[in-house]
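Accompanying notes for the structure given below.
This one's a predicted model, so the numbers in the text were calculated from it and none came from an experiment.
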Amino acid sequence: MPDKINTTEDGAQRVFVAAAELFSLLATPMRLRIISAACESERSAGELLTAVGGTQSNLSQHLSVLYRSGVLSRRKVGTSVFYKVQSESVAALCRTVCTQVAMELDEEVLA
């Protein structure tokens with residue numbers, strides 16, 4: 001990790017605030033499951049519900065938060081709404097962290 005995030009203290013502060021907001025956004029297992037499912041391909045809300053579980057109401061709330069934050073994009077076709085990952089950097093971050101956690105959990109099981 002570099003010693004300096006930004007050349008100015010104000011710039012560094014903005015970076016840390018933005019990163020904290022992103023981590024807060026990703027701090028629920030349901031949102032991580034949604035991002036994982038939407039990484040594979042564009043999916044309808046119904047397909048996401050089947051893939052991630054939970055209730056329709058709860059899924060809808062999480063989809064709304066992820067859409068408003070720019071993580072997901074959406075398009076409407078008739079009465080169906082389709083979602084896909086818009087922020088590849090967020091998807092890559094989630095993949096990296098979840099893969100690392102899975103490897104560490106596997107190591108604990110083997111120990």
Side-chain angles (χ1 to χ4, degrees):
M1 179 173 257
D3 291 334
K4 286 187 170 183
I5 298 297
N6 199 310
T7 57
T8 67
E9 192 169 317
D10 182 51
Q13 180 65 19
R14 288 193 346 254
V15 168
F16 292 131
V17 167
E21 288 171 356
L22 176 60
F23 285 126
S24 176
L25 174 73
L26 301 176
T28 63
M30 175 65 95
R31 290 184 192 156
L32 294 173
R33 288 196 307 267
I34 291 168
I35 292 167
S36 177
C39 278
E40 298 167 12
S41 64
E42 181 181 66
R43 293 188 176 214
S44 70
E47 291 171 327
L48 287 169
L49 183 60
T50 299
V52 303
T55 65
Q56 192 267 331
S57 174
N58 186 256
L59 175 70
S60 180
Q61 290 174 347
H62 287 294
L63 287 171
S64 179
V65 169
L66 291 169
Y67 170 73
R68 285 192 321 264
S69 69
V71 172
L72 296 179
S73 64
R74 69 180 177 198
R75 68 181 180 95
K76 193 170 185 176
V77 178
T79 60
S80 297
V81 180
F82 293 85
Y83 293 88
K84 70 177 180 177
V85 170
Q86 180 170 311
S87 174
E88 285 301 323
S89 60
V90 170
L93 174 65
C94 290
R95 256 191 308 278
T96 300
V97 171
C98 291
T99 299
Q100 183 62 38
V101 168
M103 289 174 14
E104 290 174 6
L105 290 174
D106 284 347
E107 289 173 6
E108 286 178 13
V109 170
L110 296 175

Under a side-chain separation threshold of 4.5 Å, the hydrophobic residues clustered together with Val77 are Phe82
Of all heavy-atom pairs linking Cys98 and Leu32, the shortest is SG-CD1, 4.4 Å
Next on the checklist: Grouping I, L, V, M, F, W and Y whenever their side-chain heavy atoms are under 4.5 Å apart, do Val15 and Leu93 come out in a common cluster?
Outcome noted: no
Report, one line per pair, each donor and acceptor closer than 3.5 Å where one atom sits in a side chain of residues 84-91; sequence neighbours left out.
from: Ser87; atom 1: OG; to: Ser89; atom 2: OG; distance (Å): 3.3
from: Ser87; atom 1: OG; to: Val90; atom 2: N; distance (Å): 3.3

Nearest heavy-atom contact between Glu40 and Arg43 is OE1-NH2, 2.6 Å
Here the pair of heavy atoms bringing Ile35 nearest to Cys94 is CD1-SG, 4.0 Å
Pair up each side-chain donor or acceptor in residues 53-60 with any protein partner under 3.5 Å, not counting sequence neighbours, and list the distances.
from: Thr55; atom 1: OG1; to: Asn58; atom 2: N; distance (Å): 3.1
from: Asn58; atom 1: OD1; to: His62; atom 2: NE2; distance (Å): 3.4

Rounded to the nearest 0.5 angstrom, the CG-CG distance for Leu49 and Leu63 is 9.5 Å
Do any N or O atoms from the side chain of Arg31 and from the backbone of Leu66 form a donor-acceptor pair under 3.5 angstrom?
no
message = Can a donor-acceptor pair be found, under 3.5 Å and without considering hydrogens, that links the side chain of Arg74 to the backbone of Tyr67?
response = no
Membership question, hydrophobic clusters at under 4.5 Å side-chain separation (ILVMFWY): are Leu25 and Val101 in the same one?
yes
*Are Phe16 and Val97 grouped together when hydrophobic residues (ILVMFWY) are joined by side-chain heavy atoms under 4.5 angstrom apart?*
no
